[in-house]
Every structure is written in structure tokens, then in C-alpha cells.
Amino acid sequence: MILVTGGAGFIGANFVLDWLRLSDEPVLNLDKLTYAGNLRTLASIEQSRHHVFVRGDICDAALVDSLLLEHKPRAVVHFAAESHVDRSIHGPADFVQTNVVGTFALLESARRYWSGLDDASRAAFRFLHISTDEVFGSLSPIDPQFSETTPYAPNSPYSATKAGSDHLVRAYHHTYGLPTLTTNCSNNYGPYQFPEKLIPLIIANAIAGKSLPVYGDGHNVRDWLYVGDHCAALRVVLSDGVPGDKYNVGGWNEKTNIEVVQTVCDLLDKARPKAGGGSYRQQIAFVKDRPGHDRRYAIDARKIERELGWKPAETFETGLGKTVQWYLDNEAWVTEVASGEYRKWVETNYAARA
Ligand code: NAD
Ligand code: TDX
């Protein structure tokens with residue numbers, strides 16, 4: 001069994017769905033079900049011997065300790081976090097709590113559990129920490145891409161808390177020998193992403209006839225990674241990564257935000273022509289910039305490609321095509337998330353484990 005934290009969020013849920021499709025090994029899924037956690041995403045793999053879902057907080061050491069002792073996982077795959085940069089600007093406290101204090105609590109529980117294992121299980125155990133390229137700060141147009149040795153320079157409350165968690169993970173390997181692995185990846189996109197993030201927000205707003213907000217001049221650059229490719233990279237790092245090592249994961253898809261938004265509009269123009277004619281591009285509106293907005297992120301993914309043989313399968317064009325089509329085919333999922341309907345369902349179906 002593996003313990004996945006944050007497995008009801010965007011990347012965690014994609015990871016769990018892929019894992020259970022590809023393997024017989026059960027998943028213990030620990031998620032607090034914040035606004036970003038959505039059990040409807042996991043509806044196809046209901047509670048079973050293979051998928052044990054527990055609603056709970058990674059900060060709750062007593063709960064995590066008891067889950068580890070009861071289920072004896074061979075690995076922890078840690079996705080749980082507050083993940084949205086704009087929210088971190090308006091309210092950083094939850095980010096410090098979950099991303100720093102929560103990762104610390106999880107590391108402590110993992111260390112206690114790991115020290116009690118027999119030699120063989122201790123050697124095989126892994127703590128995989130999922131992090132972001134944002135910890136490296138902002139690049140100029142001519143800077144080389146981020147590598148595993150790029151110094152940390154986080155600029156937002158979100159990235160500062162992720163950087164803090166990365167440092168704790170590093171220290172737990174260096175000091176205690178906990179077999180940790182850390183990945184730093186670029187912007188993910190794909191099915192089941194909460195429509196506060198750029199790509200699903202643009203798709204949802206376009207279809208709803210709303211404006212498509214582009215921050216500043218639209219020339220900030222992100223590297224885009226299809227979520228299925230990211231999950232494949234995580235499976236490879238978990239099985240073959242060297243304990244204590246870090247791996248950068250990226251899609252080799254540097255794009256300006258305005259390019260991304262225009263491409264989404266063009267795909268929608270073909271797949272769902274705008275009622276009354278014209279292009280969705282007409283809905284684009286340049287708005288006030290995000291404070292401290294990092295100009296450019298770019299990932300050098302050569303280490304994971306060279307050492308672990310992973311490569312992204314999707315180009316930006318194929319991945320974005322699939323993503324737009326998924327949102328068109330699953331409008332009910334977006335409507336439910338946007339209306340908060342799924343929260344009511346969560347509250348009535350899953351009481352928090354006291
Ligand atoms: P998300 O916001 O969609 O999901 C986060 C999940 O964590 C939710 O299900 C939420 O309920 C859960 N959670 C939050 N606080 C918790 C707590 N205290 N205890 C237990 N569960 C809690 O996030 P995501 O986009 O899926 O990101 C997953 C991870 O990947 C995060 O660590 C994020 O920093 C990292 N990451 C994301 C991206 C991206 O583009 N989305 C890129 C790089 C790295
Ligand atoms: O409405 C918008 N308009 C806009 O121009 C939004 C929501 C975003 N943007 C811009 C800001 C960014 O330059 O688009 C870019 C992408 O924004 P987000 O989707 O908010 O992602 P970003 O801030 O880049 O962070 C994401 O990738 C790295 C995830 O949210 C993080 O969790 C991850 O670590």
C-alpha cells in the first residue's frame with residue numbers, strides 16, 4: 001500500500017486514478033477536503049480494499065501516526081498543499097499551516113513510523129514530496145532554465161511555503177536518513193483542475209460568455225506539463241529515484257500567457273463555435289497584474305530524462321486539445337465545482353474523522 005496525501009485534489013486525484021488503473025497496489029488517500037478537494041473526481045473508484053479514503057488533516061499527527069501503523073504503507077506520496085498563488089497573496093496563513101507545518105508534521109510521523117520498521121522495510125521505504133518550479137523564483141528571457149542546482153529564491157507566500165517544505169524534506173534526509181525524494185515541476189494542466197487556475201478558468205469563462213482575464217501585459221511565461229505526464233514521472237521517481245535526490249519535471253513547453261489563452265480560444269472556436277459567431281478571443285480582457293508576478297519559469301528536465309528514462313508523451317498542442325475536450329465533455333463537473341454543490345455532498349457524506 002502507498003499513502004497519498006491530497007489525493008482528492010487536481011494532481012493527486014489524477015495520480016490515484018492512474019495508479020489504480022495501472023497497479024493492484026492499494027492506495028490510502030488522506031485528504032482534508034478543503035475547497036480544492038473533490039470526491040466526485042474519485043467517484044469511479046469508490047471506497048474499497050484498493051482505495052481507502054480518509055478525510056483528515058496532515059497536521060493531525062495522532063491521525064497520521066495511527067494510519068501509518070494500521071496500514072503500513074511502503075511509501076508516502078505527498079501532494080497535500082494550498083496551491084493557488086492568488087489565494088496566498090490574500091491569505092497566507094493557511095499556506096504556512098498546511099505547506100510548512102503540515103509537511104513538518106507528516107515528516108515527523110513518517111520518521112517515527114520508518115524508524116520502527118525492520119531493516120528491509122526501512123531500506124525500501126520512500127517519502128516522495130511533490131513541489132514546484134516556483135521555489136526557484138523568476139527568470140529573465142535570457143536566463144537558462146531551472147536545474148536541480150538552481151538556488152532557491154521564492155517570491156510569493158505560496159512559493160516561500162513550498163520552499164520551506166522542500167528544505168525540511170532535504171533536512172530529514174540529511175539528518176535522519178529518511179529516504180526522501182523531491183520533485184519540482186512546472187504548471188500542470190489537464191482534467192479535474194479547479195477552475196481558479198488559468199487554463200480551466202479560461203475554458204469555463206469562455207463557454208459562459210464571461211471575460212477572459214489576462215494579468216498585466218500577458219507576456220509572463222510558464223512551462224506547461226500535462227498532468228498525466230507528471231503522474232508518469234512521479235511513478236518513475238518513486239520506483240527508481242535515488243533517495244535524497246531532487247528531480248525537475250517539465251514539459252518543454254514555454255508559452256506566454258496570452259499565447260495560452262489565444263490557443264484555448266482557437267480550440268474552442270473549432271470545437272464549440274461561439275453562439276452568434278465571432279471568436280472567443282473577443283472576450284479577452286487585460287486586467288491589473290498579480291502583485292509580485294514572476295515573469296518567467298522554465299524547467300530543464302534533462303536529469304529525469306537521462307537518469308530515469310522519463311519523457312513527456314504529450315506536446316502542448318495534443319495535451320491542450322485533450323484538456324479542452326475534457327472540459328467540454330464534463331461541463332457538469334465544472335458547474336458543480338463552481339456552484340459549491342459538491343461541498344454540500346461532501347459535508348453530508350463525509351464527516352471529518354474526530
Ligand atoms: P490542489 O489545490 O488541486 O489540491 C490540493 C489537495 O490537498 C486538495 O484535495 C485539498 O483538499 C488537500 N489538502 C489541503 N490542505 C490539506 C491538509 N492540511 N491536509 C490534508 N489535505 C489537504 O493542488 P494540486 O494542483 O493538485 O497540487 C498538488 C501538489 O502539487 C501541491 O503540493 C502543489 O504545490 C504541487 N504543484 C502543483 C502544480 C500545479 O500546476 N497545479 C505545479 C507544481 C507543483
Ligand atoms: O485569471 C488569470 N489570469 C492570468 O493571467 C489567472 C488565474 C492566472 N493568470 C496568469 C498568472 C500566471 O502567470 O497565468 C499564469 C498561470 O497562473 P495560475 O494558473 O494561477 O498558475 P501559477 O501562478 O503559475 O501557479 C501554478 O503553477 C505552479 C500552480 O497554481 C501552482 O500550484 C504551481 O506550483
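Residues satisfying the side chain to side chain donor-acceptor pair (under 3.5 Å) criterion with Ser279, sequence neighbours excluded, are Asp269. With sequence neighbours excluded, the residues that form a side chain to side chain donor-acceptor pair (under 3.5 Å) with Asp266 are Arg281.
Annotation for Tyr158: hydrophobic cluster partners, listed by chain and number, are Val85, Ile89, Phe95 (ILVMFWY side-chain heavy atoms under 4.5 Å, direct or chained). Side-chain heavy-atom separations under 4.5 angstrom define the hydrophobic clusters, and Ile299 shares its cluster with no other residue. The other members of the hydrophobic cluster of Tyr215, by chain and number, are Val287 (side-chain heavy atoms under 4.5 Å, ILVMFWY only).
Ring centroid separation for the pair Phe194 and Tyr35 comes in under the 6.0 Å cut-off. For Trp252 and Trp224, the distance between ring centers is not under 6.0 angstrom.
Residues Leu3 and Leu117 fall within the same hydrophobic cluster, defined by Ile, Leu, Val, Met, Phe, Trp and Tyr side chains chained together at heavy-atom separations under 4.5 Å.
Partner of Ile199 under the side chain to side chain contact (heavy atoms under 4.5 Å, CB included) criterion, out of Leu320, Asn187, Val324: Leu320 alone.
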Item to complete: For Asn29 and His51, run side chain to side chain donor-acceptor pair (under 3.5 Å): C-alpha distance rounded to whole Å, both residues' side-chain angles, the deciding distance at 0.1 Å, then the answer.
Response: CA-CA 7 Å; Asn29 187 347; His51 180 233; 3.2 Å; yes
Could you pull out all donor-acceptor pairs under 3.5 Å where a side-chain atom in residues 240-249 meets a protein atom, sequence neighbours excluded?
residue, atom, partner, partner atom, Å
Asp245, OD2, Lys303, NZ, 3.1
Lys246, NZ, Tyr152, OH, 2.8
Lys246, NZ, Asn184, OD1, 3.2
Tyr247, OH, Val242, N, 2.9
Asn248, ND2, Phe146, O, 3.1
Asn248, ND2, Ser147, O, 3.4

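In the model, Asp294 has a side-chain atom that pairs as donor or acceptor with a side-chain atom of Tyr297 under 3.5 Å. A side-chain N or O of Thr41 and one of Trp333 form a donor-acceptor pair less than 3.5 Å apart. Between the side chains of Thr103 and His78, at least one donor N or O sits under 3.5 Å from an acceptor N or O. Using modelled atom types, one finds a donor on one side chain and an acceptor on the other under 3.5 Å when comparing Thr318 with Glu314.
Looking at Trp310, its side chain does come within 3.5 Å of a backbone N or O of Asp229 through a donor-acceptor pair.
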